[in-house]
Number of protein chains: 2
Amino acid sequence: MEYRYPYPHPALTVDCAVFGLDEGRLKVLLVERGEEPYKGAWALPGGFVRLDESLEAAALRELEEETGVRELYLEQLGAFGEPGRDPRERVVTVAYFAIVNLFDHPARGGSDASAAAWFEADAPPRLAFDHADILAAALDRLRGKLRREPLAFEFLPRAFTLTQLQRFYETVLGAPLDKRNFRKKVLSYGILEELDEFEAGAAHRAARLHRFDRDAWERLRASEGSYSV
Amino acid sequence: MEYRYPYPHPALTVDCAVFGLDEGRLKVLLVERGEEPYKGAWALPGGFVRLDESLEAAALRELEEETGVRELYLEQLGAFGEPGRDPRERVVTVAYFAIVNLFDHPARGGSDASAAAWFEADAPPRLAFDHADILAAALDRLRGKLRREPLAFEFLPRAFTLTQLQRFYETVLGAPLDKRNFRKKVLSYGILEELDEFEAGAAHRAARLHRFDRDAWERLRASEGSYSV
DNA sequence: CCAAAAGTGTTAGAGATACACCCATGG
DNA sequence: CCATGGGTGTATCTCTAACACTTTTGG
């Protein structure tokens, strides 16, 4: 491919809003920029797209390079391309929205040389470029999807208690839920498998552990079933 | 702005899936390509983004240039950027999803020199590039949003009968609706204004006309109210 | 035995669904 | 007067929301 269309070619990046649950709080993963512009500022992890890789592949590559994160839920959020969002030249970014499971893949502050850290998703530091807008859009999307799709299980350990699940929804959606109604509803979908294992080391009655049954969810969604918290 | 980041710069386009209601059918607006690649094939209207205009402005400009369409509902669908989606060079496109009101702005087959035409949204001709994928994604989005947001009024004339509204939903969602329940529900939101005008020239009892009250909808949505068909 | 969280059912109300007939108009 | 679509109400059912006490365990 040598041909180039006779039109301006902007730079193209991907940026990822990566969410995780840490100490019961919703966190977002940020990196400290090592280069101008915005050197030293916190930003969403991301970088330039190579010509031979898909947008999603670029997002995964950048995430692994900058933060060591490998297995995650990833979905495109949209393109952000206001002229002037980068002071140097026109840069259009394709934003992704991601979830890492910090139980399976414990947080590491960063990898390689770059500094990466987890921040409260609702109270991030001042961000480079228009990343505050992107983060806000990602949070909106996250909250919207959580209500209607079983994304919560991307955040939780493979085996979890119903109380853990409830706390998660309460934290992220910011509203208390009724314990009995919550359990009734969430069990009614038949997408949770009751394990014969119990919470360990609690100073009170041990709670039964459950596992998300992805096949059951696929069957449910295939039969037009819905999920809603 | 002279600086260019030392990374590859792909070409950037916008493409629009423009929907409209014509003769009671959901249609999509396509243009015939006058240039290679895919010369002569049908494609979503779109084109290259200028360096000094926003993505949305580019979408609006291309729509007006290619099809004469000016007033419309426009929302970003997402970026499509598989390597190889354009045979000549790497081209990333930002897809938009749009609705034109063909009652207010009657269909014109095209403007200027380019040939534009409306096709059945569910049975489009073979499309250039990956435009079939984009159209499919846009249709999914349209059907999803129609159920939960009052987008139907973007398609209908300013003053419409409840039967027209019901037919629209039935056509687009592909399922019959109960007349009494439909009316009860749609009126219950309080976002329709009953006019003192009636359908003209029908060979039967004339139906009362209604108008979408956007302010009432804004108030409803501000108070956490929902809309669902 | 005390503190802490787990676990469990019932009732009332709201919203969704199913369903059939008379009315007004134009031709 | 007839054909065509306009317009209306009720009964049932399902889903949601409110609500409090007993059980288990570890310390």
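Reminder, nothing fancy here: chain letters follow the sequence lines and each chain counts from 1.
Using a 4.5 Å heavy-atom cutoff, the side chains of B:Phe129 and B:Thr13 are not in contact. Contact of the A:Tyr38 side chain with the A:Leu127 side chain is not registered, since no non-hydrogen atoms from C-beta on lie closer than 4.5 Å.
Looking at B:Lys184, its side chain comes within 3.5 Å of the base of D:dT10 through a donor and an acceptor atom.
Here C:dC23 presents its P atom at 14 Å from NZ of B:Lys179, a figure rounded to the nearest Å. Regarding B:Phe160, its CZ atom lies at a distance of 14 Å from the P atom of D:dG6, rounded to whole Å. Separating the CG atom of A:Leu165 from the C1' atom of C:dA6 is a distance of 15 Å, rounded to the nearest angstrom. Here C:dG7 presents its P atom at 13 Å from CZ of A:Phe182, a figure rounded to the nearest Å. Straight-line distance from the CG atom of A:Leu177 to the P atom of D:dC19: 15 Å, rounded to whole Å. We find that CZ of B:Arg183 is positioned 18 Å from C1' of C:dA16, with the value rounded to whole Å. The CG-P distance, from A:Leu162 to C:dA5, rounds to 16 Å in whole Å. In this entry the distance linking NZ of B:Lys185 with C1' of C:dA18 reads 14 Å, nearest Å.
The phosphate of C:dA5 has neither OP1 nor OP2 within less than 4.0 Å of any side-chain N or O from A:Thr163. For B:Arg180 and D:dG9, the shortest distance from a side-chain N or O to OP1 or OP2 is not below 4.0 Å.
For A:Asn181, taking side-chain heavy atoms from C-beta onward, the closest of the listed nucleotides C:dG7, D:dA18, C:dA18 is D:dA18.
Nearest-nucleotide positions on DNA chain D place B:Arg167 closer to the 5' end than the other of B:Arg167 and B:Asp178.
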Checklist entry - Can you list the steps and then say if A:Arg148 with A:Lys145 is a side-chain contact (heavy atoms from CB on, under 4.5 Å)? => result CA-CA 5 Å; A:Arg148 324 215 129 264; A:Lys145 285 210 120 175; over 6 Å; no
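A salt bridge is defined here as a Lys NZ or Arg NE, NH1 or NH2 lying under 4.0 Å from an Asp or Glu carboxylate O, and B:Glu149 with B:Arg141 fails to meet this definition. In summary, A:Glu66 and A:Arg33 do not engage in a salt bridge, as defined by a charged side-chain N under 4.0 Å from a carboxylate O. For the pair B:Arg61 and B:Glu64, the salt-bridge criterion is not met [side-chain N within less than 4.0 Å of a carboxylate O].
Relative ring orientation between A:Tyr227 and A:Trp217 is described as perpendicular, the plane-to-plane angle rising above 60° on a 0-90° scale split at 30° and 60°.
Residues from residues 187-207 of chain B with heavy atoms under 4.0 angstrom of DNA chain C, sorted by number: B:Ala202, B:Ala203, B:His204, B:Arg205.
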